[in-house]
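Below is one structure, written out as structure tokens; the observations come after it.
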2 protein chains.
Amino acid sequence: MSQSSKPPKPPTPPSPSPAPVPTSADVARLAGVSRATVSYVLNNAEAVRISEPTRRKVREAAEELGYVPHAAARSLRAGHTRIVLLPTSHVPIGPLYSTFLNELQWALRGLDYTVVQYGSLGLTGDEAARAWAELRPVAVLSLGEIALSAHNVATLKRAGARAVLTMGPQAVPGAHALLMDQAEVGARAAEHLVERGRRRIGVVVPEEEGLGLFSTPRLEGARSVAGAEIVALRMAYSEESAAELAQRWGSLGLDAAFAYNDEYAMLLMRAFQDVGLRVPEDVAVMGADDLLIGRLLRPRLSTVQIEMPTGERLAALVDEAVREPAAAVRRHDLMAAVAVPRDST
Amino acid sequence: MSQSSKPPKPPTPPSPSPAPVPTSADVARLAGVSRATVSYVLNNAEAVRISEPTRRKVREAAEELGYVPHAAARSLRAGHTRIVLLPTSHVPIGPLYSTFLNELQWALRGLDYTVVQYGSLGLTGDEAARAWAELRPVAVLSLGEIALSAHNVATLKRAGARAVLTMGPQAVPGAHALLMDQAEVGARAAEHLVERGRRRIGVVVPEEEGLGLFSTPRLEGARSVAGAEIVALRMAYSEESAAELAQRWGSLGLDAAFAYNDEYAMLLMRAFQDVGLRVPEDVAVMGADDLLIGRLLRPRLSTVQIEMPTGERLAALVDEAVREPAAAVRRHDLMAAVAVPRDST
DNA sequence: TTGAAAGCGTTACCAT
DNA sequence: ATGGTAACGCTTTCAA
């Protein structure tokens, strides 16, 4: 090997040969046709008629080379993507929510979108919006874990997003609002307890970080109910923390607990029983989310059932917003909450 | 304000104007420099020295235009991406798993990867591999929900993937194997029950689709234990199904149940109690995953604790595989399972 | 210190 | 029925 004008390309220093990725040009060469023809065949272009022998040759060449088109090049050329960006934080919100997320993802795939879940924990609205915009998503569906400003929405739209949707308690200017006000949940719980004759209600606020977006509105919702006196109580998702709270319950002078959700409720109810408090005689306990496990304890747990939109419904909403971004930015009320009385209240 | 050569920009007419996305050329024009300079400034190129005034001009122009670089164009030029592709199915596997997934995502972001979660439910290995390859991920981390063949791995590598990692019970040729054999779980459970003097064990197999990847190895693991007779029992995640199973339990002649995981175990245990069977006297019940809720029922649920790798650990493994794909494809044993005896056995 | 230009992989128009 | 070619937005030599 003699030295040519080009330096002997060092074979990617540390590792061996990264073996070049086959391109449509490679396929064309092997099939003995042009790149355009390859494109036509592989995309089943209907505007152009290609002879059957040629089609087969192209297909075989592609197969032999293991050719797979390059999504980035394709969307660069197309001028747009089919990416729906789904910001997420690391918060384990519970089974209800993750089931919903999975459904949504599945439904969007069915509509031919590529779902990119982008971990955005710790980013500010500005940083997040910029990072998301780099991917040129056709739509952004923020589940409310990041607080978006009108300016952030503008950034995303300038980057080509045809729709920005936010799910949460309040609307953001410029974005479609999918309203899901967790305050409803707190309100339904407190109303139910008041109906049952309870007056002084302790509302559990999880110590776990990141749940504030849910727990604060739930607390406020409870506060909004007439006839009830509300006391906020911090508690962690652990037996120790629940035991500690149950221990000092007597000194609080409360007659009911609304425990954020069923899991915290079960924890607390068990702790109550362990210190000799009777449920519901001494203290009523109410959960939320209507998880199956809430029915396994005795007494059965009263709860607030939340009707989440189906993933399919939401996917359709996204699709509609993408297809018709002209339509005035709309608000949808997506959440309904209803008390489910069982035996703990 | 008089009219200039440019027409008075219509204030975003209803639909037709998708308002062009600003490019680096626009920034260059506004700042009065070349595109190259823009790139240097925005990427803090160290090889080139740019005057401070120029830098400021460029930054201000970018700011004013709301310019955000185009990730696809960038990676097309660079010849590689920082995408780690994470195939997912729609199965709600439980809190343990989703917490882990979130951790992993967060850790990968910290390593400057972009995590793309790709819903692959219903795709065959071939279809999935092709779809993933289009994104030119630098790494694919398959959690085992899709069965990958050696050929699929080859497809991905030809498309530029520097690492393909599979998490699951068995290794795939060409891929790094992160072994997590769920059979361990079943084995630990059965061993524990045998130690407690049980001989005929019913193993619950969830009817829910998609759990087979976990439930089958757990069942097989139980079968592998000497001294126990195993009977597979199908059951759905519902009170009705559990009740039905409890109803005919007497006719089965079994003295213990290993219930797939803690949630199924709790469901079944409650159903046992409702039909008058005593736990653990009449029947021992064992769960898996060591969920907190398992401690809330009485008797407390014996379980198998699984030590999942931390998201951070796994992210580091991915990073290492990407940086050094030359290193022989390795196997890592990532899972440890240990029985946690409580009161239900 | 800055600018001109090539090229990454695709697709769509316009010739042939 | 096919092929040539330009263009998408960006980075990066190379030259000035």
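A note on names: the letters A, B, ... follow the listed sequences, proteins ahead of strands, and every chain is numbered from 1. Just so you know, these numbers come straight off a predicted model, no measurement behind them.
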Checking all strands, does [X] fall into the base, sugar-phosphate, or nothing category for heavy-atom contacts under 4.0 angstrom?
X     : result
A:V33 : sugar-phosphate
A:L76 : base
A:S75 : nothing

* Cut-off 3.5 Å, side chains only: do A:S149 and A:N152 have a donor facing an acceptor? -> yes

* Asked: Using a distance-only test with no angle check, is there a side-chain donor-acceptor pair under 3.5 angstrom linking A:Y118 and B:R109?
  -> yes

* Five pairs at each end of the helix from C:dT1-D:dA16 to C:dT16-D:dA1: take the axis at both ends and give me the angle between them to 10°. => 50°

Minimum-distance pair of heavy atoms, taken over all atoms of [X] and [Y]:
X      : Y      : value
A:Q105 : B:T88  : OE1-OG1, 3.7 Å
A:A321 : A:A163 : CB-CB, 3.6 Å
A:L317 : A:H332 : CD1-CE1, 3.8 Å

* **For A:R323, salt bridge (Lys or Arg N to Asp or Glu O under 4.0 Å) partners two or more places apart** => A:D319

* Asked: Taking atom CD of B:E312 as the centre, does the number of heavy atoms from other residues, nucleotides or ligands within less than 6.0 Å exceed 12?
  -> no

Separation of atom [atom1] in [X] from atom [atom2] in [N], rounded to whole Å:
X      : N      : atom1 : atom2 : result
A:L42  : C:dT10 : CG    : P     : 9 Å
A:K57  : D:dG3  : NZ    : C1'   : 13 Å
B:H70  : C:dG9  : NE2   : P     : 16 Å
B:E46  : D:dT13 : CD    : P     : 15 Å
A:L135 : D:dC10 : CG    : P     : 13 Å

* Asked: What string of B, S and - do you get for nucleotides 11-16 of chain C 5' to 3' if you count protein non-hydrogen atoms under 4.0 Å?
  -> BBB---

* To do: Name the residue closer to the 5' end of DNA chain D, choosing between A:G32 and B:A71 according to the nucleotide with the nearest heavy atom.
  => A:G32

* On DNA chain C, check which nucleotide each of B:T37 and B:R136 is closest to and give me the residue with the more 5' one. => B:T37

* With respect to the side chain of A:A73, which nucleotide from D:dA1, C:dT10, D:dC10 is positioned closest? -> C:dT10

